[in-house]
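See structure below.
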Amino acid sequence: MAKNVLAFIDFETTGLSPDNGDRLIEVGVVLLQAQQIVDRYQSFINPGIAVPGFVTQLTGISSSDVRSAPESSQVLQELHRFLGGVPLVAHNASFEQRFLDAEYSRVGLQRQQPLICTLRVARRVYPNAPNHKLGTLVNYASVPHSGRFHRALDDAEMTAGLWLRMRQRVIENFSLSSVSDEFMQQIQSVPINGGLASLVSRSAA
DNA sequence: TGCCAGGCCCTCTTTAGGGCCTT
C-alpha cells in the first residue's frame, strides 16, 4: 500500500450496538492520498435480520435492499483486503471501531490500524460550530457534498472533505505552510480549550 | 419484570451526572 494514505470509513447499521445484536447493512470507504480521493469501496451487506423501520427512514435502506446482498463474512474479507494497514478515519470513530472489531471477530480477522476521529478533531478546530454532527459540519465548513446523507459512501466522502477543510483551517489560523496527517491526528487528543495552539507551538519549537 | 451502547466532554466535577454523537 502506498504511503500517506488515509481510509475514510462509514457504516450504516441496524442500530447502535453490536453487543445488542445490531449488524452492518452498508459499508463505504474512500482512500485519500495527496488530498485527492484515489479509490472507493462500497457494498450493501445482508445482516441476516430485519432492517428496523427507523433505520429505513433515516438511510433509505430497507430489508429488501439488503436481502440479496452478500453476507457480512464475504464483505468483511473484501474490506480487510481493501483497507490493508491504512489508518482509518471516521466521524465518531468509536462507533465504527466497535462495529468493525465486532464484525471482524466474527470472521476471525483483526483490525491492524488505528482509528482517527473527525468528531474529536472538529470539536477542537471548530469549537464554535452550532453542533458537531457530520451534516452540520459539512455545511458549516462549506464542504462540497452530494446532498445524500446517511449513506455509507456519501458520508465517507463528506468525512474526507471535512478532513481537508479542517486541515486548511489549521493552516490558515496559524499561518502554517502545511500540516501533516500525523499532526491532524494529534489534534484529537489535545485539550479543547487552548490545546490546539499549544500543539502548534510545540511543533514549531 | 424491566431494561437495553459507549466513549468523549463539560460542569453546579473528580466519592457524579448528563449532553453529544454515531445507526
Side-chain angles (χ1 to χ4, degrees), chain A residues 7-30 42-67 69 72 75-76 79 88-106 111 114-141 143 145-146 148-163 165-166 184-199:
Chain A
F8 292 79
I9 187 166
D10 187 78
F11 294 140
E12 305 307 320
T13 72
T14 61
L16 295 175
S17 174
D19 292 340
N20 280 356
D22 288 320
R23 302 297 305 277
L24 302 182
I25 57 174
E26 189 184 34
V27 54
V29 182
V30 298
Q42 183 277 336
S43 181
F44 279 138
I45 300 168
N46 183 346
I49 58 176
V51 177
F54 72 89
V55 172
T56 299
Q57 196 165 21
L58 180 70
T59 66
I61 302 171
S62 65
S63 291
S64 61
D65 291 323
V66 295
R67 191 170 296 132
S72 64
V75 176
L76 268 292
L79 179 65
L88 301 174
V89 189
H91 198 67
N92 198 17
S94 65
F95 178 83
E96 266 69 25
Q97 178 176 330
R98 281 186 289 120
F99 271 94
L100 183 61
D101 290 351
E103 294 282 349
Y104 268 173
S105 71
R106 284 174 170 268
R111 176 173 53 87
L115 266 109
I116 303 164
C117 181
T118 51
L119 171 60
R120 296 181 67 191
V121 175
R123 281 176 169 152
R124 290 152 175 84
V125 174
Y126 296 122
N128 297 320
N131 60 58
H132 297 88
K133 297 177 182 178
L134 179 60
T136 300
L137 288 168
V138 159
N139 289 313
Y140 184 77
V143 175
H145 61 82
S146 65
R148 194 168 68 156
F149 295 90
H150 298 295
R151 286 299 302 274
L153 189 59
D154 294 82
D155 283 3
E157 285 209 36
M158 289 181 210
T159 306
L162 176 62
W163 180 262
R165 279 285 193 268
M166 291 194 295
M184 293 296 293
Q185 180 176 352
Q186 290 175 36
I187 291 174
Q188 67 181 340
S189 300
V190 301
I192 285 182
N193 293 319
L196 181 50
S198 297
L199 181 63

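Note that the structure is predicted; figures quoted are calculated from it, not measured. Chain letters run A, B, ... following the sequence lines, proteins first and then strands; every chain starts at 1.
Annotation: the span from Ile9(A) atom CD1 to Gln97(A) atom CD amounts to 11.5 Å, rounded to 0.5 Å. Rounded to the nearest 0.5 Å, atoms NZ (Lys133(A)) and CG (Leu119(A)) are 12.0 Å apart. Here the CZ-CG distance, from Phe149(A) to Asp155(A), works out to 8.0 Å after rounding to the nearest 0.5 Å. Ile61(A) CD1 to Thr14(A) OG1: the interatomic distance, rounded to the nearest 0.5 Å, is 11.0 Å. Atom CG of residue Asp10(A) and atom CZ of residue Phe95(A) lie 8.0 Å apart, to the nearest 0.5 angstrom.
When each of Asn20(A) and Leu58(A) is assigned the nucleotide of DNA chain B with its nearest heavy atom, Asn20(A) is the one assigned upstream, toward the 5' end. Map Arg98(A) and Gly135(A) each onto its nearest nucleotide of DNA chain B; the residue landing nearer the 5' end is Arg98(A).
Among the nucleotides dG6(B), dT23(B), dC9(B), the one closest to any side-chain atom of Ile192(A) is dC9(B).
Distance Phe8(A) CZ to dT22(B) C1': 17 Å, rounded to the nearest Å. For the pair Glu96(A) CD and dG6(B) P, the computed distance is 16 Å after rounding to whole Å. With rounding to whole Å, Phe149(A) atom CZ is found 11 Å from dT22(B) atom P. Remark: C1' of dT23(B) and CZ of Phe99(A) are 7 Å apart, rounded to the nearest angstrom. Remark: C1' of dG7(B) and CZ of Phe95(A) are 13 Å apart, rounded to the nearest angstrom. In this structure, the CD atom of Gln188(A) is 14 Å from the C1' atom of dC9(B), given to the nearest Å. At whole-Å resolution of the value, CG in Leu24(A) and C1' in dT22(B) are 13 Å apart. Between the P atom of dG6(B) and the CG atom of Asp22(A) lies a distance of 11 Å, rounded to the nearest Å.
The gap from the C1' atom of dT13(B) to that of dC9(B) amounts to 12 Å, rounded to the nearest Å. Only the P atoms considered, dC4(B) is 16 Å distant from dG17(B), to the nearest whole Å. Of the C1' atoms belonging to dG6(B) and dC12(B), the separation is 25 Å, rounded to the nearest Å. For the P atom pair drawn from dC3(B) and dA16(B), the interatomic distance equals 23 Å after rounding to whole Å. Spacing between dT1(B) and dC20(B) at atom P, rounded to whole Å, works out to 35 Å. Here the separation of dT14(B) from dG2(B), taken at their P atoms, is 33 Å to the nearest Å.
Nucleic acid contact for Arg23(A): none, since no nucleic acid atom lies under 4.0 Å from a heavy atom of the residue.
Under the side chain to side chain contact (heavy atoms under 4.5 Å, CB included) rule, Leu24(A) has a single partner from Leu79(A), Asn46(A), Leu76(A), which is Leu76(A).
For Thr13(A) (side chain) and Arg23(A) (main-chain N/O), no donor-acceptor pair under 3.5 Å exists by modelled atom type.
For the pair Arg120(A) and dG7(B), the criterion of a side-chain N or O lying under 4.0 Å from OP1 or OP2 is not met.
Considering every non-hydrogen atom in both Gln188(A) and Arg120(A), the closest pair reads O-NH2, 3.0 Å.
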What N/O pairs connect the protein and nucleotides 17-21 of chain B at under 3.5 Å? Give each pair on its own line.
unit_1, atom_1, unit_2, atom_2, d
dC21(B), OP1, His132(A), N, 2.4
dC21(B), O2, Asn92(A), ND2, 2.9

